[in-house]
A.B. asks: 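First, the structure itself, so that you have it in front of you.
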Amino acid sequence: MSLVVMKFGGTSVGSIEKIKNVAKRVAKKKDEGYDVIVTVSAMAGETDRLINLIKEIEPKYDPREYDMVVSTGEQVSIGLLAQALKTMGYDAISFTGFQIGMITDGAHSKARIKKITGERLRQALKEGKICVVAGFQGIFPETGDITTLGRGGSDTTAVAIAAAMKANVCEIYTDVDGVYTADPRIVKNAKKLDKISYEEMLELASLGAKVLQSRSVEFGMKYGVDIMVLSSFEEKPGTLVTKEDKDMEKVIVSGVTCDKNQAKITITEVPDRPGIAADIFEELANHNINVDMIVQNVSTQGKTDISFTVAQTDLLRAHELCKKISKKIEASKVLADENIAKVSIVGVGMKSHAGVAAKMFKTLAENNINIQMISTSEIKTSCVIDEKFTELAVRVLHDKFVREGDDVS
């Protein structure tokens, strides 16, 4: 029998009525002859409520206790959904992350999945049960502590389960009906894509698109799990995230996205000698602070400035850490700017077409949008700009690359 993993986000299970509707969607899939594993998030707003509770007690909370608190949101959801299915006459059973053997590392609040043993899932499926699994959480076996995977971690849970259990497809149900060429709330004429490559979706997710968490796409790409993005509220075709094919290369730019959760740190007058950059970024990595773009200016009189971006949520920690590093390496000032955003264009067709980045820069210049930093890869170009121009930048880039077509001249 074919196995399908279904994932429903917080808005999909945001009330008892919505949970009952999800139960009907799950039951229909079971009636169609599939084995079913369902992964759910906490009810809409619940994770934020739990985070605020622990912050009220201690703003600089212990990450272990944070995980203990916020992981409870998903446990409420799975119990309610399993009960809703039972009430409808279906044999369902709920599981927390540790009950299915979701083994992670020990990085509280941003743990990474190492493996899923899945014995209890296999046994329950063998007995014909619908399995309802808590997203976002696992266990660190060395201590037995509950861990959480970071915001959006339920997507990663679902795709990881699909990979471990060799499911035919992982269906991600959300409040949008697929992946669009831009955020429809910003660009009214954004187009829904029928399919998109793992590489493109990975870039879009990591660059600010909120449809899928980037780590879930990494799992899909690594283990060849097809991911279907569908609407929780309407039964209509979605977007398939799958391996690249030749048709995808015909489209130069598949999407335009933005990320306002960015901040820039600049360390001025850094001694320009071998090993300094390594000292700075190794220290940041040791504190689990992810760095995105990095720019080092040309050296003058043996000194240089180094700028880099981090998530806004890491800005305070990164700023304090860089002050300590600055004193250690005898640099000058440490400057922080959280009024920035990153805008990006993504497409596998960029591999075989020249002039895409130049067209992007020209389009921003024509709209008086200054570029502060630039980052490129084979299939994306990103620019850091002033936050106040974010929506304008997305609209003009979408008009130039998607609405007008693929001519890069």
A.B. asks: Under 3.5 Å, is there a donor-acceptor pair between the side chain of Asp35 and the main chain of Ser2?
C.D. replies: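 Side chain of Asp35 to backbone of Ser2: no pair is present.
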A.B. asks: Between Leu85 and Ala92, what is the shortest heavy-atom contact and its length?
C.D. replies: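 Of all heavy-atom pairs spanning Leu85 and Ala92, the closest is CB-CB, 3.8 Å.
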A.B. asks: Quick one: do Asp272 and Lys303 make a salt bridge, cutoff under 4.0 Å?
C.D. replies: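 Result for this pair is no, no salt bridge flagged.
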A.B. asks: Could you walk me through whether Glu235 and Lys28 pass side chain to side chain contact (heavy atoms under 4.5 Å, CB included), step by step?
C.D. replies: CA-CA 12 Å; Glu235 294 196 31; Lys28 182 180 177 183; 2.9 Å; yes
A.B. asks: Using modelled atom types only, decide if a donor and an acceptor are shared between the side chain of Ser216 and the backbone of Leu212 within a distance under 3.5 Å.
C.D. replies: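 Not at all, since once roles are kept as given, no pair shorter than 3.5 Å links the two residues.
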A.B. asks: Spell out, as yes or no, whether a donor-acceptor pair under 3.5 Å connects the side chain of Thr239 to the backbone of Leu193.
C.D. replies: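 A pair under 3.5 Å: yes.
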A.B. asks: Please check: side-chain N/O of Arg215 versus main-chain N/O of Gly150, any donor-acceptor pairing under 3.5 Å?
C.D. replies: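 Looks like no, no N/O pair under 3.5 Å.
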A.B. asks: Say whether Gln75 and Thr72, considering side chains only, have a donor N or O and an acceptor N or O under 3.5 Å apart.
C.D. replies: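 Distance-only check fails for Gln75 and Thr72.
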A.B. asks: Where do Glu234 and Ser231 come nearest, in terms of heavy atoms and distance?
C.D. replies: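 Between these two residues, the closest heavy atoms are N-OG, 3.0 Å.
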A.B. asks: Measure the spacing between CG of Asp183 and NE2 of His398 and express it to the nearest 0.5 Å.
C.D. replies: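 The CG atom of Asp183 sits 10.5 Å away from the NE2 atom of His398.
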A.B. asks: Set out, in order, the CA-CA distance, both residues' side-chain angles and the distance that settles salt bridge (Lys or Arg N to Asp or Glu O under 4.0 Å) for Glu200 and Lys380, then state yes or no.
C.D. replies: CA-CA 8 Å; Glu200 290 171 313; Lys380 66 97 175 172; over 6 Å; no
A.B. asks: Who are the ring pair (Phe, Tyr, Trp, His ring centres under 6.0 Å) partners of Tyr223, not counting sequence neighbours?
C.D. replies: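 Partners of Tyr223 under the ring pair (Phe, Tyr, Trp, His ring centres under 6.0 Å) test: Phe219.
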A.B. asks: Would you please test Glu17 and Lys20 for salt bridge (Lys or Arg N to Asp or Glu O under 4.0 Å) and show each step?
C.D. replies: CA-CA 5 Å; Glu17 191 61 36; Lys20 289 179 178 179; 5.0 Å; no
A.B. asks: Can you pull the side-chain hydrogen bond (donor to acceptor under 3.5 Å, both in side chains) pairs that have at least one residue in residues 326-343, sequence neighbours excluded?
C.D. replies: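 Found Asp292-Lys342.
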A.B. asks: Identify all side-chain donor-acceptor contacts of residues 275-289 below 3.5 Å with residues at least two apart in sequence or on another chain.
C.D. replies:
{"residue": "Asn286", "atom": "ND2", "partner": "Glu282", "partner atom": "O", "Å": "3.3"}
{"residue": "His287", "atom": "ND1", "partner": "Glu283", "partner atom": "O", "Å": "3.0"}

A.B. asks: Which residue pairs pass the side-chain hydrogen bond (donor to acceptor under 3.5 Å, both in side chains) test when at least one of the two sits in residues 385-394, sequence neighbours left out?
C.D. replies: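 Sorted result for residues 385-394: Lys260-Glu391.
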A.B. asks: Between Glu127 and Lys129, is there a side-chain N and carboxylate O pair less than 4.0 Å apart?
C.D. replies: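 So Glu127 pairs with Lys129 through a salt bridge.
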A.B. asks: For Gln312 and Gln262, indicate whether the former's side chain and the latter's backbone hold a donor-acceptor pair under 3.5 Å.
C.D. replies: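 Yes, Gln312 side chain to Gln262 backbone: donor-acceptor pair under 3.5 Å.
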A.B. asks: Looking only at the side chains, is there a donor atom on one of Gln137 and Thr147 sitting less than 3.5 Å from an acceptor on the other?
C.D. replies: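 Their side chains do not contain a donor-acceptor pair, so the 3.5 Å distance test is not met.
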A.B. asks: Please lay out, stage by stage, how Met228 and Cys170 fare under the test side chain to side chain contact (heavy atoms under 4.5 Å, CB included).
C.D. replies: CA-CA 6 Å; Met228 180 65 78; Cys170 181; over 6 Å; no
A.B. asks: If only atom types and distance count, is the side chain of Gln83 paired as donor or acceptor with the main-chain N or O of Leu80 below 3.5 Å?
C.D. replies: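 Not confirmed, Gln83 side chain does not pair with Leu80 backbone.
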A.B. asks: Salt bridge between Arg64 and Asp145, side-chain N to carboxylate O under 4.0 Å?
C.D. replies: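 Salt bridge between Arg64 and Asp145, a charged N being under 4.0 Å from a carboxylate O: yes.
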A.B. asks: Is there a donor-acceptor pair under 3.5 Å between the side chain of Lys351 and the backbone N or O of Ile252?
C.D. replies: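 Checked: no pair found.
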A.B. asks: Using every non-hydrogen atom in the two residues, find where Ala111 and Asp105 come nearest and quote the distance to one decimal.
C.D. replies: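 Minimum heavy-atom separation between Ala111 and Asp105: CA-OD1, 3.3 Å.
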A.B. asks: Judged by atom type as modelled, is there a donor-acceptor pair below 3.5 Å linking the side chain of Thr304 to the main-chain atoms of Asn297?
C.D. replies: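 A pair under 3.5 Å: yes.
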A.B. asks: Check the side chains of His108 and Thr148 for a donor-acceptor pair under 3.5 angstrom, ignoring hydrogens and angles.
C.D. replies: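 No, His108 and Thr148 have no side-chain donor paired with an acceptor closer than 3.5 Å.
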A.B. asks: Just by distance, do the side chain of Asp314 and the backbone of Val310 share a donor-acceptor pair under 3.5 Å?
C.D. replies: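 Between the backbone of Val310 and the side chain of Asp314 there is no qualifying donor-acceptor contact (under 3.5 Å).
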A.B. asks: Tell me whether Asp226 contacts the main-chain N or O of Thr242 through its side chain, where contact means a donor paired with an acceptor under 3.5 Å.
C.D. replies: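 It does not hold such a pair.
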A.B. asks: So does Lys323 pair up with Glu320, basic N to acidic O under 4.0 Å?
C.D. replies: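 A salt bridge is present here (some side-chain N lies under 4.0 Å from a carboxylate O).
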A.B. asks: Going by side-chain hydrogen bond (donor to acceptor under 3.5 Å, both in side chains), name the pairs with one or both residues in residues 362-374, residues two or more places apart or in two chains.
C.D. replies: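 Passing the test, one end in residues 362-374: Lys264-Gln372.
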A.B. asks: If you look only at distance, which donor and acceptor atoms sit under 3.5 Å apart when one is on a side chain in residues 8-16 and the other is two or more places apart or in another chain?
C.D. replies:
{"residue": "Ser12", "atom": "OG", "partner": "Ser232", "partner atom": "OG", "Å": "2.4"}
{"residue": "Ser15", "atom": "OG", "partner": "Lys18", "partner atom": "N", "Å": "3.2"}

